[in-house]
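Input: a single structure, listed below in structure tokens.
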Amino acid sequence: MGEAVDFVIVGTVITADPRRRVFLDGAVAVDGGRIASVGPRAEVEAAFTGRTRLGGPRDLVVPGLIDTHNHMAQALVRGLAFEDLPNITRIYIPAEDVLGVEGLKTSARVTMANLLRAGVTTTTDTTGTPEHEDAVGETALEMGIRCALAVGQRDRRSRLASNYEQIEGRSEYSDDPVRREENIAHIDEFLTRWGPRGDGQVRPYIHAPSVPSVSDEMFLAARELAERHDTAVMTHINRDREEIELSVSLFGRRPIEHLAQIGALGPRFLAIHAMLTTAREIGLLASAGAKLAHAPVVCTDIVSAVTDVVAMRAAGVTVGLGCDTVINDILAVARIAYLMHGQAAGIPMYDPVGFTAEDAFDMATIDGARALLWEHEIGSLEPGKAADVAVFDGENPRLSPRYNPVGALMRYGAGTDVKSVLVNGRLAVDEGRVLAVDEAELLAEADEVAARMRDHLMPRRYWPLTRRSQLL
Ligand SMILES: [Zn+2]
């Protein structure tokens, strides 16, 4: 009998470690929230006996998947927003006001349950409503998911004058220094309080929402706070044409150029989206050591450019994946990224290996951890790291036979194949069910909030909910 540990998990183990080892008949031992051992099953089982045994000979055992960008407040509104553009200020932002704190908690539970069931062990929140911040952190602790929780407010108002005939005059902005000082004090307090409170599971970050809504002074203060509290700054950037137009009209520079110019970029800067990014801006991100949270589904949802992830990675930018609420399943998102970038980068040069399944897997695991500056704890299965593990059921025709387990998972796997999930060494999903909530009760609760959403937001839509289908 080997040493008793909390869990021994068996199956094909994809480690995402520096050598990218895959143990075809492997095992992972977990004890006290940490990974104790990873290797060939015979060796691990000779040394350790699990009080609980998970996995099976055909199962796939992978690092918990990492979602580097999401909004916990948007799960119950997303279905009212797609294909009805533009939708941010018309639908998504008013939805946050309708939610209230209880509704937000329901929305966060639905998002987190959705993610956990799909093998996602780390999510990220950048919701901008101060009353929601603690509620998101508390809900993450309750649901047993790891969360990068970013807070921060806007302190700049800006207005884009464009060639639309109803707008006259010049583009302009005005800053609010009082609001800025309050924001800095609030972020400082939040980072100080949630550092220890998050118990290693909820980690506080800074959200500097966007170039049009944040002053230069605030970006620099955010950078200083991030260094002092060992965390990162997250900013939605180069997302749509209006943002670029505004930045060029106000500063004579594109948004990423502007942040580089004022000294706001650095290794603790996580750019969100960066769809409309020039080669020069990619160079600026890379030379600063900045990271990218890439949400490929949003490129299509808002009909914006496809982020040039292949060029970013080639330049040395670390790229993680984000669900951004639209599809809360990183495996699905990674597959979309794989197909999208395989095509975008592959067609001009006929390069079928310009972006591979293994690249997509890295973005869903270890590179996501790096993007969040959390790679010392998560993102790969290595002894000493936190035990965040997802087990995919291999007893189904979808994943058999498999010659290359990473390729099979990326091409053929599905979030619904997840049967067990550990976060910080605690079982969060068992037999495909989230353990922290009664899922039937949660769905009933979500239906009530959704009815309120629908009443409030339907009049704001341009189009009926369907174009051709009849909802009878
Ligand atoms: Zn976002």
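Whatever order the structure lists them in is the order used to number ligands and atoms, beginning at 1. For the single chain, residues carry numbers from 1 onward in sequence order.
Contact check on Lys385 versus Glu377 returns no salt bridge, with no Lys/Arg side-chain nitrogen under 4.0 Å from an Asp/Glu carboxylate oxygen. Under 4.0 Å is where a charged nitrogen must lie from a carboxylate oxygen, and between Glu138 and Arg197 at least one such pair does. Here Glu83 does not pair with Arg467 in a salt bridge; the nearest charged N to carboxylate O distance is not below 4.0 Å. Comment: Arg109 engages Glu445 in a salt bridge, judged by a side-chain N to carboxylate O separation of less than 4.0 angstrom.
Below the 2.8 Å limit, the Zn ion (ligand 1) has as protein N, O or S neighbours His69 NE2, His71 NE2, His236 NE2.
Side chains of His69 and His294: a donor-acceptor N/O pair is absent below 3.5 angstrom, by distance only.
Counting heavy atoms from C-beta outward, Val309 and Met363 have side chains that approach closer than 4.5 Å.
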